Q: 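Once you've had a glance at the structure underneath, I'll fire off some questions.
On a predicted model such as this, the values are computed, not experimentally measured, just so you know. A note on names: the letters A, B, ... follow the listed sequences, proteins ahead of strands, and every chain is numbered from 1.
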Amino acid sequence: MSENLEVARALREIADLLDLLGERFKPAAYQRASRSIESLTEDIAEVAKRDQLRAVPGVGEAIEEKVREFLRTGSIDYLVKLRAEVPPGVLELVHIPGVGPKTARRFWTDLGVQNPAELRAAIDAGRLVGMTGFGPVKIAKIHAALDQATMAGLRRPLLEAARVAERIVSALRERAPVDQVEVAGSFRRRRETVGDLDILVTSAEPEKVFDVFESLEGATVALRGPTKETIRTSEGWQVDLRVVAAESFGAALQYFTGSKDHNVATRSLARDRGLKINEYAVMRGEERLPSATEADIYRSLDLPWIPPEIREAQGEIEAARSGRLPALLEPSDLLGEFHLHVAPSVDDAALAQLAGAAHRAGLRSIGLVPESDAEAARLGAWAVKRTSPRVLVGREVKFGDPVPNSLALPAFVVWSAAGVEPPRPERAARPHGPTGWLGHLGGDPETAAGPRRIAAWVDWATATKMPLEVTSGPGYDGLDSVSLRRFTEANGRVVVSELGLGTERTRALAVGTARRAWVTKASVLNAAGWP
DNA sequence: GCCGTTTTCGGCCCGACTGTTTTCAGTCG
């Protein structure tokens with residue numbers, strides 16, 4: 001598993017380099033293969049072993065050979081050769097907002113500029129003045145972008161995106177003349193990390209909506225047209241707002257939710273049927289088909305509506321076509337929350353309040369996680385009196401440490417993998433103790449070491465039938481949806497935790513992470529229907 | 001480089017926006 005990301009990165013770098021060298025279609029081909037391998041739920045080395053690489057979308061004869069070379073030797077000759085043709089800093093030029101491969105290539109070949117620092121020096125020395133295609137406005141924009149280039153291209157945790165999205169959406173609902181408002185893009189698909197926010201609204205008065213949008217606190221306008229405006233928030237988020245007609249809302253929502261590969265697949269289905277889908281409507285020749293809702297769009301393809309979380313071109317189209325879409329976990333399926341840390345200072349009144357909140361949230365049981373044995377004893381005495389919801393007292397224990405049992409065994413254990421190296425697979429034994437599950441897998445998903453660690457833990461959990469905890473993203477527990485899907489497909493069980501109570505946001509995000517992994521309530525220990 | 005029950009060759013998503021243009025190229029999503 002660990003090599004998937006490395007292979008994807010190598011292919012992505014080939015794509016970027018080819019782009020800079022002016023290749024026409026190869027970059028897109030390498031990009032597609034890279035994306036496809038990145039979101040693969042299976043170990044690429046296993047796929048290669050089974051001789052199924054060509055079945056991966058976007059992998060043909062040439063890329064198969066390069067993947068095999070990488071798996072065999074850890075590098076790709078072709079990539080090494082390309083790197084030699086392009087100075088390393090030139091790749092960074094492409095990451096400056098507003099600078100693409102064509103522009104970066106001209107800086108490099110026409111001006112000899114090889115990295116962002118040299119570009120800044122060239123601008124300061126006035127060397128761009130007089131180059132065709134570079135007026136004063138464009139030069140100033142590039143200079144400004146260089147000053148804040150650090151934010152560009154960065155993806156941040158889903159939970160962080162949720163806070164920004166909620167703030168903007170509620171401001172628009174309150175202050176702007178909008179009807180429907182929806183956040184599309186990777187946020188709506190609940191990707192673990194989000195690069196920018198894409199908001200769609202319907203409104204009869206787009207200009208007024210934009211006026212409100214750009215007056216949000218800390219907002220600076222990046223661009224504004226009649227149907228679209230882009231701002232940058234003070235925290236560095238890029239937020240796009242599009243105003244569409246109500247009759248196009250479904251088409252636009254489907255289009256801007258993506259993923260890119262899912263859209264390629266739906267468009268190709270449309271083509272097979274003599275239809276054409278764009279962001280405004282489904283068209284049959286000159287005839288406009290209903291496009292106000294996403295269901296309209298999928299109906300035109302004879303498909304049921306597909307939940308956004310699984311729109312990744314990873315089998316959802318085929319499943320929809322054959323009527324085998326899974327009934328994904330719903331927030332209302334969760335009947336227990338078992339990861340409620342309680343402070344030592346918490347008194348009976350506060351506990352009663354917590355239980356009341358859980359009851360109102362529809363939970364039948366909750367699990368309290370105190371920090372000490374003394375606290376556990378005190379909470380245990382209180383808990384036996386509660387029946388609605390039922391209250392259990394558990395402990396969070398560092399994996400490998402003994403379970404504390406000074407008075408009574410805790411009812412459950414959250415094993416924390418934080419900072420603990422995964423056991424070797426041959427030592428596939430669950431720790432002794434009460435019912436437990438493994439959380440805090442840790443690891444940074446954006447670095448190479450993170451996924452490898454997580455994969456090792458997931459392999460171990462699969463072998464030992466240890467359940468895994470799912471929360472609202474890798475910012476907390478490190479478990480990404482690709483690994484999670486692999487785990488549940490191998491019959492792994494999960495506990496979905498929002499790590500708190502009464503915040504719709506965290507529950508929605510935790511459930512969203514599970515849904516991305518095609519998790520149904522049958523795999524979820526704290527859901528309805530679990531024996 | 002990939003892909004195909006209309007193609008094994010000839011296509012490759014496409015529209016919005018910007019800045020520079022006198023009709024368009026580049027970037028972005």
Q: If you measure from the C1' atom in dG11(B) to the same atom in dT6(B), how many Å do you get, rounded?
A: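 After rounding to an integer number of Å, I get 14 Å for this pair.
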Q: Can you tell me how far P in dT23(B) sits from the matching atom in dC28(B), rounded to whole Å?
A: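 Their P atoms lie roughly 25 Å apart.
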Q: Under 3.5 Å, is there a donor-acceptor pair linking the side chains of Thr513(A) and Glu192(A)?
A: no
Q: Roughly how far apart, to the nearest Å, are dG15(B) and dG10(B) at atom P?
A: 25 Å
Q: Looking at Arg515(A) and Glu330(A), does any basic side-chain N land under 4.0 Å from a carboxylate oxygen?
A: yes
Q: Assuming nearest nucleotide by heavy-atom distance, tell me which of Glu229(A) and Arg267(A) is located more 5' along DNA chain B.
A: Arg267(A)
Q: For dT7(B), decide between syn and anti, treating a glycosidic angle within 90° of 0 as syn.
A: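 dT7(B): syn.
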Q: Salt-bridge test for Arg486(A) and Asp459(A): reply yes if a basic N is under 4.0 Å from a carboxylate O, no otherwise.
A: yes
Q: Under 3.5 Å, which protein N or O atoms sit close to an N or O of nucleotides 3-11 of chain B? Give each pair with its distance.
A:
residue : atom : partner  : partner atom : Å
dC3(B)  : OP1  : Gly58(A) : N            : 2.8

Q: In whole Å, what separates the P atom of dA16(B) from that of dT21(B)?
A: 24 Å
Q: Between Pro136(A) and Asn278(A), just flag the one whose closest nucleotide in DNA chain B comes earlier from the 5' side.
A: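 Comparing both residues, the 5'-ward one is Asn278(A).
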Q: Counting any heavy atom closer than 4.0 Å, what does Pro27(A) reach on the DNA or RNA strands: base, sugar-phosphate only, or nothing?
A: nothing
Q: Decide, yes or no, whether a salt bridge links Arg68(A) with Asp51(A) under the criterion of side-chain N to carboxylate O below 4.0 Å.
A: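 Looking at Arg68(A) and Asp51(A), the cut-off is met.
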Q: In this structure, how many angstroms lie between the P atom of dC12(B) and the CG atom of Asn263(A), rounded?
A: 18 Å
Q: Counting only side-chain heavy atoms from C-beta out, which of dT18(B), dC14(B), dG1(B) sits nearest to Ala62(A)?
A: dG1(B)
Q: What one-letter contact string describes nucleotides 21-29 of chain B from 5' to 3', where B marks a base within less than 4.0 Å of any protein heavy atom, S marks contact via sugar-phosphate atoms alone, and - marks no contact?
A: -----SSSB
Q: Among dC13(B), dG15(B), dG1(B), which nucleotide sits nearest the side chain of Tyr280(A)?
A: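 From the listed options, dG15(B) comes nearest.
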Q: Cation-pi between Arg72(A) and Phe70(A): NZ/CZ under 6.0 Å from ring centre and within 45° of the ring axis?
A: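 Checked: cation-pi criterion not met.
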Q: Please give, in whole Å, the distance from dC14(B) C1' to Lys276(A) NZ?
A: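 Atom-to-atom, Lys276(A) to dC14(B), this comes out as 8 Å.
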Q: If dG26(B) has a Watson-Crick or G-U wobble mate with both distances under 3.5 Å, name it; if not, just say none.
A: dC17(B)
Q: Give a yes or no on whether a salt bridge exists between Arg311(A) and Glu294(A), defined as a side-chain N under 4.0 angstrom from a carboxylate O.
A: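 Result for this pair is yes, salt bridge flagged.
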Q: Let me know the distance between NE2 of His262(A) and C1' of dC13(B), rounded to the nearest Å.
A: 15 Å
Q: Between P on dG19(B) and CD1 on Ile142(A), what's the gap in Å once rounded to a whole number?
A: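 About 11 Å, once rounded to whole Å.
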Q: Please report, rounded to the nearest Å, how far the C1' atom of dG1(B) is from the NZ atom of Lys66(A).
A: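 Lys66(A) atom NZ is separated from dG1(B) atom C1' by 8 Å.
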Q: Hey, are the side chains of Tyr255(A) and Val244(A) touching, using non-hydrogen atoms and a 4.5 Å cut-off?
A: no
Q: For dA16(B), does either OP1 or OP2 sit under 4.0 Å from a side-chain N or O belonging to Thr230(A)?
A: no
Q: Measure from the side-chain N and O atoms of Arg516(A) to the backbone N and O of Arg189(A), and report whether any donor-acceptor pair falls under 3.5 Å.
A: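 A pair under 3.5 Å: yes.
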Q: Look at the side chain of Arg127(A) and the backbone N and O of Leu111(A), then say whether any donor-acceptor pair between them is shorter than 3.5 Å.
A: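 Yes; at least one donor-acceptor contact below 3.5 Å.
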Q: If you look at every strand shown and take non-hydrogen atoms under 4.0 Å, does Arg224(A) touch a base, only sugar-phosphate, or nothing?
A: sugar-phosphate
Q: What is the distance, rounded to the nearest whole Å, between atom CD of Glu23(A) and atom P of dG1(B)?
A: 8 Å
Q: What distance, rounded to whole Å, do you find between the two P atoms, one in dA25(B) and one in dT20(B)?
A: 16 Å
Q: For the pair Arg156(A) and Glu235(A), find out whether any cationic side-chain nitrogen is under 4.0 Å from an anionic carboxylate oxygen.
A: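 So Arg156(A) does not pair with Glu235(A) through a salt bridge.
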Q: Do Arg224(A) and Phe210(A) meet the cation-pi criteria used here (NZ or CZ under 6.0 Å from the six-membered ring centre, within 45° of the axis)?
A: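 No - Arg224(A) does not lie over the ring of Phe210(A) by the 6.0 Å and 45° rule.
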Q: Taking atom C1' in both dC2(B) and dT8(B), compute the distance separating them and give it to the nearest angstrom.
A: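 That atom pair is separated by 12 Å.
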Q: Can you tell me how far P in dC3(B) sits from the matching atom in dC13(B), rounded to whole Å?
A: 13 Å
Q: Whole-Å distance between dA16(B) P and Leu223(A) CG?
A: 13 Å
Q: For the pair made of CG in Asp19(A) and C1' in dG1(B), what is the distance, rounded to whole Å?
A: 14 Å
